[in-house]
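Some notes on the structure that comes next.
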Amino acid sequence: MKLTKYCVVPNCKTGCKSLKVNCSVFKVPKRDELREKWISAIPGIKDLKPNQFVREKHFDEKCIIRNFVMRDVQANVLAELPFILHHSIEAAAIILPFQDSELLVLNVYRHPNNDTPAHALNDLFNFASGYKYAFIVGDLNAHHRLWGCARNDNIGIRLASRIESYNYLILNDSTSTRFNPNTNSGSIIDLAFASSDLAGVCCSRTLDDPMASDHYPIETIINGAATKVPYTNLYHGSKTILDDNYKAYLEDAAYTKGNFHYTHYHTDNLKPWYYRLMLSRAQIVTINRLRSGHYNLNLSLFRKNIVDSPGCPCGDPYQDANHVIFRCELTQAKPPPKYLREKFPTRPMDIFPLIKNPTPKLCRLLLSYFNSCELYI
């Protein structure tokens, strides 16, 4: 009969049949001083007994040490590795004697339908970098031109960045490792890469026999004395040159076009200003038009010879975003958003500095305000 491990914390349903989620529990320690620390740290607990259990969610994650321990049949520890905590990655490792040191062989599977954040990849490489000789292989489900794919995807970009920054070398021979019968095409998603100290004695090839699978095995032979491989990071060098050329182009072009945007909003950040902001397409377009100085108001249309006058129908000689929001008689029946007056009391008459790093709330309010005035800029 299997013993059910109920969580002793009040109102926690761990162990109940109604709870369908698998979760870990920790047994209450026998040592009195450690048990007292548990009682003081877990809300709702006044007393604990050594035969009771507490679910992991009741602990701060930084207080939990997770290790993967591999033992032989005699229960001797073969390898003890930190557990990489992310649901998108499955990893197994073994440490073998190699030359005058140890060889880490790390097998990784990344679930294709789950996003793997940067910190999870950092954990993986930080652990592997603790070994001079490290070999990582597995189905990473990542695409990047660095290992021969026709395109880059987000996880491929993150992975390629870590491979380069941690000085690992790709061992793939640019042969497809998976065949998709639906599209009759191949892809390279099974990867093998090694630390620079190990790569010189590694020889990898993709086998022709898929062995009744849709993936082709990668065979890697490691032999001889390990020597560090001198190499030039051509990808990083090419990317740096392209970035520098693009920045120089933007600086030259700003003299003749886009001067307003370049003067007020240009940064060297490769991410757009709305990166990681929860905005609709209409909100992003509205702010982009204001930042570029190209919007559907007469001052901007006059510069493009679309209208005959930059003036506003209210009689003001210039109709721009500031005029419409703060001064126009035709729109003052709908005064500027209260948020602007309260949030920016010292500079309420100029909207353009406020949209350099706009908040989602400001973006939504500006779009709503223009729509309420029937000005679809």
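Nothing here was measured: the structure is a model prediction, and the numbers come from that model.
Sequence neighbours left out, the pairs with a member in residues 105-119 that pass salt bridge (charged side-chain N to carboxylate O under 4.0 Å, His left out) are D115-R158. For residues 292-312, the set of pairs meeting the side chain to side chain donor-acceptor pair (under 3.5 Å) definition, not counting sequence neighbours, comprises N298-Q319. Judged as a salt bridge (charged side-chain N to carboxylate O under 4.0 Å, His left out), the pairs with a partner in residues 210-222 (not counting sequence neighbours) are, in order, R178-D214, R205-E219.
Heavy-atom neighbours of Y166 OH from other residues, nucleotides or ligands within 6.0 Å: above the threshold of 12. By the neighbour-count criterion of 12 heavy atoms within 6.0 Å, atom OH of Y246 is sparsely surrounded, having that number or fewer from other residues, nucleotides or ligands. Within 6.0 Å of CG on N51 lie more than 12 heavy atoms contributed by other residues, nucleotides or ligands.
Partners of S280 by side chain to side chain contact (heavy atoms under 4.5 Å, CB included), not counting sequence neighbours, listed by chain and number: A282, Q283. For the side chain to side chain contact (heavy atoms under 4.5 Å, CB included) test, residues two or more places apart in sequence or in another chain that qualify with Y262 are L250, E251, A254, H266. For D153, there are no salt bridge (Lys or Arg N to Asp or Glu O under 4.0 Å) partners, not counting sequence neighbours. Looking at residues two or more places apart in sequence or on another chain, you find a side chain to side chain contact (heavy atoms under 4.5 Å, CB included) between N107 and V137. Partners of T175 by side chain to side chain contact (heavy atoms under 4.5 Å, CB included), not counting sequence neighbours, listed by chain and number: D173, T206.
The heavy-atom pair separating A134 from L103 by the smallest distance is N-CD1, 4.4 Å. Residues P29 and R35 approach most closely at O-NH1, 3.1 Å, considering heavy atoms. Residues A194 and C202 come closest through the heavy atom pair CB-SG, 4.3 Å. Closest of all the heavy-atom pairs between Y133 and S195 is CA-OG, 3.7 Å. Of all heavy-atom pairs between R145 and A150, the closest is NH2-O, 3.4 Å.
Using modelled atom types, one side-chain atom of N172 and one backbone atom of A192 make a donor-acceptor pair closer than 3.5 Å. A distance-only check finds no donor-acceptor pair linking the side chain of D316 to the backbone of E329 [under 3.5 Å].
Rounded to the nearest 0.5 angstrom, N288 CG and I284 CD1 are separated by 7.5 Å.
Side-chain contact check for S88 and N114: no donor-acceptor pair (N or O, by modelled atom type) lies under 3.5 Å. A donor atom on one side chain and an acceptor atom on the other are not found under 3.5 Å apart for Y216 and D209.
A cation-pi arrangement is absent between R162 and F125, since the terminal nitrogen or guanidinium carbon is not both under 6.0 Å from the aromatic centre and inside a 45° cone about the axis.
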Expected list for residues 36-49: side-chain donor-acceptor pairs under 3.5 angstrom, two or more places apart:
| from | atom 1 | to | atom 2 | distance (Å) |
| --- | --- | --- | --- | --- |
| S40 | OG | E36 | O | 3.3 |
| S40 | OG | K37 | O | 2.9 |

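Between Y131 and F127, the two ring planes are perpendicular [angle over 60°; tilted spans 30° to 60°].
Hydrophobic cluster membership for L299: Y318 (Ile, Leu, Val, Met, Phe, Trp, Tyr linked by side-chain heavy atoms under 4.5 Å, directly or transitively). In the hydrophobic clustering, Y109 connects to no other residue, as no ILVMFWY side-chain heavy atoms lie under 4.5 Å from its own. In the hydrophobic clustering, I306 connects to L301, F302, V307, either directly or through intervening members, whenever side-chain heavy atoms lie under 4.5 Å apart.
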